[in-house]
Amino acid sequence: MWDGGCVFVGSTNAVVPVHAHHAIQVCFGRDGDLRLRPSDDAPWLSAPLFVVASHQPHAFDATDVSLGFVMFVEPETREGRVLTELCGANGFGVIDPATIKEASEELFHCFLTRAGDAAAADSARRVLGQVTHGVEPLVVSDERILKAIAFINANLGQQLTLDQVAAEVFLSPGR
């Protein structure tokens with residue numbers, strides 16, 4: 001995880017049903033194509049590398065790849081703004097996997113050799129940099145959100161409430 005994003009690595013034998021999230025999703029597999037669709041009755045789109053817009057409903061199928069990567073990026077970051085532009089009107093962007101070949105191989109290597117969280121985050125950031133064509137990252141616009149995340153991370157052993165976290169950073173629970 002890094003300020004403004006995170007990466008998940010793994011394999012699956014199931015299709016993720018239609019859902020949406022605030023973060024922009026960048027997903028790619030080590031081999032083969034991933035499949036996405038905006039609804040249960042829509043046809044599947046197939047590609048090796050997708051960018052999914054914030055709040056875009058989608059189902060996700062990575063059952064045909066041996067190892068898949070999903071990065072989540074805050075839309076409020078500079079990287080997020082570039083990724084949003086790559087999604088276009090339909091909410092999905094298909095990216096040429098050659099764009100990230102070198103950095104994605106490094107990320108695969110980090111995972112396979114268990115190089116550690118810091119090395120994986122650095123490699124994921126390089127992949128993201130290649131997808132966004134070198135746009136310099138910028139932290140989430142609202143510094144209070146970063147402080148809330150830091151507070152949660154510092155108190156993982158405790159049971160926290162939304163009210164406690166909001167009070168810590170001077171926000172309302174709704175915000």
Side-chain angles (χ1 to χ4, degrees), residues 1-38 44-84 86-87 91-140 145-146 149-150 152-154 156-157:
M1 193 158 70
W2 62 90
D3 288 341
C6 63
V7 62
F8 295 89
V9 183
S11 60
T12 183
N13 59 1
V15 174
V16 178
V18 174
H19 66 287
H21 32 76
H22 179 68
I24 297 166
Q25 181 175 332
V26 178
C27 46
F28 55 99
R30 184 165 193 201
D31 49 16
D33 283 354
L34 304 171
R35 298 184 326 142
L36 293 175
R37 64 181 178 179
W44 287 99
L45 304 170
S46 185
L49 174 59
F50 280 104
V51 178
V52 182
S54 175
H55 301 283
Q56 171 64 48
H58 62 285
F60 179 70
D61 178 6
T63 57
D64 287 342
V65 298
S66 62
L67 191 59
F69 290 80
V70 176
M71 288 193 290
F72 292 106
V73 179
E74 288 292 333
E76 294 84 8
T77 62
R78 290 169 88 190
E79 295 160 317
R81 290 181 185 114
V82 171
L83 292 171
T84 297
L86 293 175
C87 291
F92 297 111
V94 176
I95 309 296
D96 180 0
T99 304
I100 64 163
K101 183 164 179 47
E102 183 180 317
S104 64
E105 284 301 321
E106 180 184 325
L107 184 56
F108 293 130
H109 180 75
C110 282
F111 175 74
L112 294 173
T113 62
R114 303 193 188 296
D117 292 345
D122 287 346
S123 292
R125 296 296 305 269
R126 280 191 276 290
V127 168
L128 191 55
Q130 289 178 345
V131 171
T132 60
H133 307 290
V135 167
E136 288 297 315
L138 184 68
V139 295
V140 176
I145 300 301
L146 293 176
I149 293 168
I152 293 167
N153 284 334
L156 288 176

Shortest non-hydrogen separation from [X] to [Y] and the atoms involved:
X	Y	value
Leu156	Asn153	CG-O, 3.4 Å
Leu34	Ala62	CD2-CB, 3.6 Å
Pro38	Val18	O-CG1, 4.1 Å
Ser123	Cys110	OG-SG, 3.3 Å
Thr63	Ala14	CG2-N, 3.6 Å
Val94	Ala47	CG1-CB, 3.6 Å

Determine, for Glu102 against Arg126, whether the closest basic-nitrogen to carboxylate-oxygen distance falls under 4.0 angstrom.
->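 Salt bridge between Glu102 and Arg126, a charged N being under 4.0 Å from a carboxylate O: no.
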
How long is the span from the [atom1] atom in [X] to the [atom2] atom in [Y], to the nearest 0.5 Å?
X	Y	atom1	atom2	value
Arg37	Asp61	CZ	CG	9.0 Å
Ile100	Leu49	CD1	CG	4.5 Å
Phe72	Ile24	CZ	CD1	11.5 Å
His55	His21	NE2	NE2	10.0 Å
Arg30	Leu67	CZ	CG	6.5 Å
Ser54	Leu83	OG	CG	11.0 Å

Would you say the side-chain atoms of Thr132 and Glu79 include a donor-acceptor pair closer than 3.5 Å?
->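 No - no donor-acceptor pair under 3.5 Å links their side chains.
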
Residue pair Trp44, Asp33: steps toward the side chain to side chain contact (heavy atoms under 4.5 Å, CB included) verdict = CA-CA 11 Å; Trp44 287 99; Asp33 283 354; over 6 Å; no

Met71 and its side-chain contact (heavy atoms from CB on, under 4.5 Å) partner, picked from Val51, Val9, Val26 = Val26

State which residue, out of Phe60, Phe50, Phe28, fulfils the side-chain contact (heavy atoms from CB on, under 4.5 Å) condition with Val70.
-> Phe60

Using the test side-chain hydrogen bond (donor to acceptor under 3.5 Å, both in side chains), find all partners of Gln56 that sit at least two apart in sequence or belong to another chain.
->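 If we apply the side-chain hydrogen bond (donor to acceptor under 3.5 Å, both in side chains) test to Gln56, skipping adjacent residues, there are no hits.
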
Would you indicate whether Asp96, at its atom CG, is surrounded by more than 12 heavy atoms from other residues, nucleotides or ligands within a distance under 6.0 Å?
-> yes

Inter- and intrachain pairs under ring pair (Phe, Tyr, Trp, His ring centres under 6.0 Å), touching residues 93-134, at least two apart = Phe69-Phe108

Under 3.5 Å, side chain of His19 to main-chain N/O of His58, donor-acceptor pair present?
-> yes

